[in-house]
There are 2 protein chains.
Amino acid sequence: MIFQKYLAKHDLRDTPQRELILDAFLTLEEHISAEQLYDIVKRQDPSIGQATVYRVLKLLMEAELAREIDFGDGVIRYEHKYNHPHHDHLVCRGCGKMLEVVDPVIEELQKRVAESHGFKLTDHEMYLYGLCEDCRRKKSAGPQ
Amino acid sequence: MIFQKYLAKHDLRDTPQRELILDAFLTLEEHISAEQLYDIVKRQDPSIGQATVYRVLKLLMEAELAREIDFGDGVIRYEHKYNHPHHDHLVCRGCGKMLEVVDPVIEELQKRVAESHGFKLTDHEMYLYGLCEDCRRKKSAGPQ
DNA sequence: TTAACAATGATAATAATTTTCAATAGGATG
DNA sequence: CATCCTATTGAAAATTATTATCATTGTTAA
Ligand SMILES: [Mn+2]
Ligand SMILES: [Mn+2]
Ligand SMILES: [Zn+2]
Ligand SMILES: [Zn+2]
């Protein structure tokens with residue numbers, strides 16, 4: 001509905017490819033790359049082109065349905081934005097396990113830090129890296 | 001001295017190219033990309049290859065002399081790490097102006113958030129984006 | 001129907017970084 | 001000094017994610 005409204009508002013057409021990619025994206029819950037989404041969509045319609053997947057992801061961003069995540073590994077991932085409020089990410093350096101976190105006090109302090117330098121904060125990115133319990137156990141057990 | 005020690009410790013040679021690139025890096029104070037550093041170094045020795053610049057930057061990271069910054073624009077930049085303690089970045093979305101900031105309370109809370117999920121925090125990245133005073137003024141003045 | 005043009009898929013292009021590899025440089029050894 | 005030996009280098013090719021190009025197809029509206 002939101003996407004269709006966005007398309008109408010911008011005089012863009014509601015095509016089967018766009019619908020297919022939108023549905024595939026909404027069905028998933030994880031953070032997904034354009035490549036991974038293309039693989040999924042291709043199974044349902046092998047004639048689809050990957051350029052279209054990239055194009056639709058851009059539209060989903062503009063329609064506020066998707067949000068980019070950049071873990072700095074050279075691949076941009078996407079997650080749901082609708083009904084999925086802002087949060088940050090806690091990532092295990094050992095196994096890659098990822099948790100979504102948010103701390104209201106940190107969020108407030110970020111605003112203040114910006115203001116103290118005359119900035120009006122618009123957004124931010126915060127990635128916390130560490131070792132999860134499992135990985136710490138494995139590490140202290142030592143190799144073998 | 002630190003770099004030379006690192007090289008010795010790892011049975012790596014102290015070559016003129018490595019010295020040149022190190023010196024160029026240490027002379028600068030801004031955040032710099034591999035490409036930019038290559039341009040500078042090339043002026044002093046046009047025979048130098050850019051692969052060597054990439055290689056030396058990797059060594060500087062391992063020697064704890066350099067730190068990566070990723071503003072998400074597809075280019076990795078580097079900054080001094082030695083005598084340049086951890087900090088985060090406040091960036092203006094309007095003009096790109098960048099400030100280094102650090103808030104001890106945020107730093108402490110980040111640790112706690114991680115611990116509350118069983119993680120031991122090793123490091124983090126935080127980028128605050130906003131509009132600086134100048135850019136806000138320009139914006140409210142309107143176009144023309 | 002037809003003209004206009006948005007959307008698509010295949011493919012080429014881009015851009016930052018990494019890899020490959022043959023040539024070189026220098027330290028260690030005799 | 002002469003000779004191994006191998007780390008290092010520069011040039012060029014490869015890689016990888018993403019974007020641009022473009023001819024073809026699909027849709028809309030006169
Ligand atoms: Mn998330
Ligand atoms: Mn900095
Ligand atoms: Zn883990
Ligand atoms: Zn500004």
Side-chain angles (χ1 to χ4, degrees), chain A residues 3-25 31-63 66-79, chain B residues 3-25 31-63 66-79:
Chain A
F3 190 47
Q4 288 76 2
K5 251 177 201 146
Y6 176 85
L7 293 177
K9 186 166 186 174
H10 292 77
D11 282 309
L12 300 169
R13 291 182 188 159
D14 190 354
T15 68
Q17 289 93 336
R18 285 174 176 166
E19 285 291 332
L20 177 59
I21 295 165
L22 168 70
D23 287 349
F25 176 72
H31 306 93
I32 193 175
S33 67
E35 194 72 22
Q36 291 173 308
L37 186 55
Y38 173 54
D39 285 345
I40 288 164
V41 145
K42 205 168 33 177
R43 269 180 245 142
Q44 298 177 250
D45 177 359
S47 76
I48 215 148
Q50 66 180 344
T52 302
V53 174
Y54 278 97
R55 288 189 278 239
V56 171
L57 279 169
K58 198 149 286 178
L59 290 176
L60 293 178
M61 296 271 297
E62 289 161 21
R67 182 192 288 131
E68 280 187 6
I69 318 270
D70 182 356
F71 285 103
D73 63 349
V75 189
I76 293 167
R77 272 166 262 266
Y78 299 85
E79 66 173 9
Chain B
F3 190 48
Q4 288 76 4
K5 250 177 201 147
Y6 177 85
L7 293 176
K9 186 165 184 175
H10 293 77
D11 282 308
L12 300 169
R13 290 183 190 159
D14 190 353
T15 67
Q17 290 93 334
R18 283 174 178 167
E19 285 290 333
L20 177 60
I21 295 165
L22 169 69
D23 288 350
F25 176 71
H31 306 92
I32 194 174
S33 68
E35 194 71 21
Q36 291 174 307
L37 185 55
Y38 173 55
D39 285 343
I40 288 165
V41 144
K42 205 168 33 176
R43 271 179 244 144
Q44 297 177 248
D45 177 359
S47 76
I48 214 147
Q50 66 180 345
T52 302
V53 174
Y54 278 98
R55 287 188 278 238
V56 172
L57 278 170
K58 199 150 284 177
L59 290 176
L60 294 178
M61 297 270 298
E62 288 161 22
R67 183 192 289 132
E68 281 186 4
I69 317 272
D70 182 356
F71 285 103
D73 63 350
V75 189
I76 293 167
R77 271 165 262 265
Y78 299 85
E79 66 172 7

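Naming convention: chains lettered A, B, ... in sequence-line order (proteins, then strands); numbering from 1 in each chain. The figures here come from the full heavy-atom set of this structure, side chains too, leaving out hydrogens, waters and symmetry mates. The structure displayed is predicted, hence computed values, not measured ones.
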Asp45(B) or Asp11(B), whichever maps to the more 5' nucleotide of DNA chain D: Asp11(B)
Name the residue from Val56(B), Ile48(B), Thr52(B) that meets the side-chain contact (heavy atoms from CB on, under 4.5 Å) definition with Val41(B). Ile48(B)
Both Glu35(B) and Pro16(B) contact DNA chain C. Which one's nearest nucleotide lies toward the 5' end? Glu35(B)
Pairs satisfying salt bridge (charged side-chain N to carboxylate O under 4.0 Å, His left out), at least one member in residues 35-58 of chain B, at least two apart: Asp39(B)-Lys42(B)
Please report, rounded to the nearest Å, how far the C1' atom of dG9(C) is from the CG atom of Leu20(A). 14 Å
Of all the heavy-atom pairs spanning Gly72(A) and Asp70(B), show the shortest one and how long it is. CA-OD2, 3.7 Å
What is the distance from CD of Glu19(B) to C1' of dG26(C), rounded to the nearest Å? 15 Å
From the set dT8(D), dA7(C), dT18(D), return the single nucleotide nearest to any side-chain atom of Ala34(A). dT18(D)
So how far is it from Thr15(B) OG1 to Leu7(B) CG, rounded to the nearest 0.5 Å? 8.0 Å
Near DNA chain C, which residues from residues 49-59 of chain B have a heavy atom under 4.0 Å away? Ala51(B), Tyr54(B), Arg55(B), Lys58(B)
Reading DNA chain C from 5' onward, which residue's closest nucleotide shows up sooner: Arg77(B) or Arg13(B)? Arg77(B)
Heavy-atom closest pair (Tyr38(A) atom, Gly49(A) atom, distance to 0.1 Å) is CE1-C, 3.8 Å
State, with a plain yes or no, whether a side-chain heavy atom of Phe3(B) is found less than 4.5 Å away from one of Asp14(B). no
Heavy atoms only, 4.0 Å cut-off, all strands: where does Ser33(A) land among base, sugar-phosphate and nothing? nothing
Roughly, in whole Å, what's the span from CG in Asp70(A) to P in dT16(D)? 18 Å
Tell me: CG of Leu12(B) to P of dT6(D), nearest whole Å? 16 Å
Rounding to an integer number of Å, can you tell me how far Glu68(B) CD sits from dA16(C) P? 15 Å
Could you tell me how far apart Gln36(B) (CD) and dA15(C) (P) are, to the nearest whole angstrom? 16 Å
Could you tell me if the side chain of Leu60(A) sits less than 4.5 Å from the side chain of Tyr78(A), heavy atoms only? no
If I take atom CZ in residue Arg18(A) and atom P in nucleotide dG9(C), what distance separates them, rounded to the nearest angstrom? 11 Å
Nearest-angstrom distance from the residue atom OH of Tyr38(A) to C1' of dT18(D): 14 Å
Which nucleotide in dA7(C), dG9(C), dA25(C) has an atom nearest any side-chain atom of Thr15(A): dA7(C)
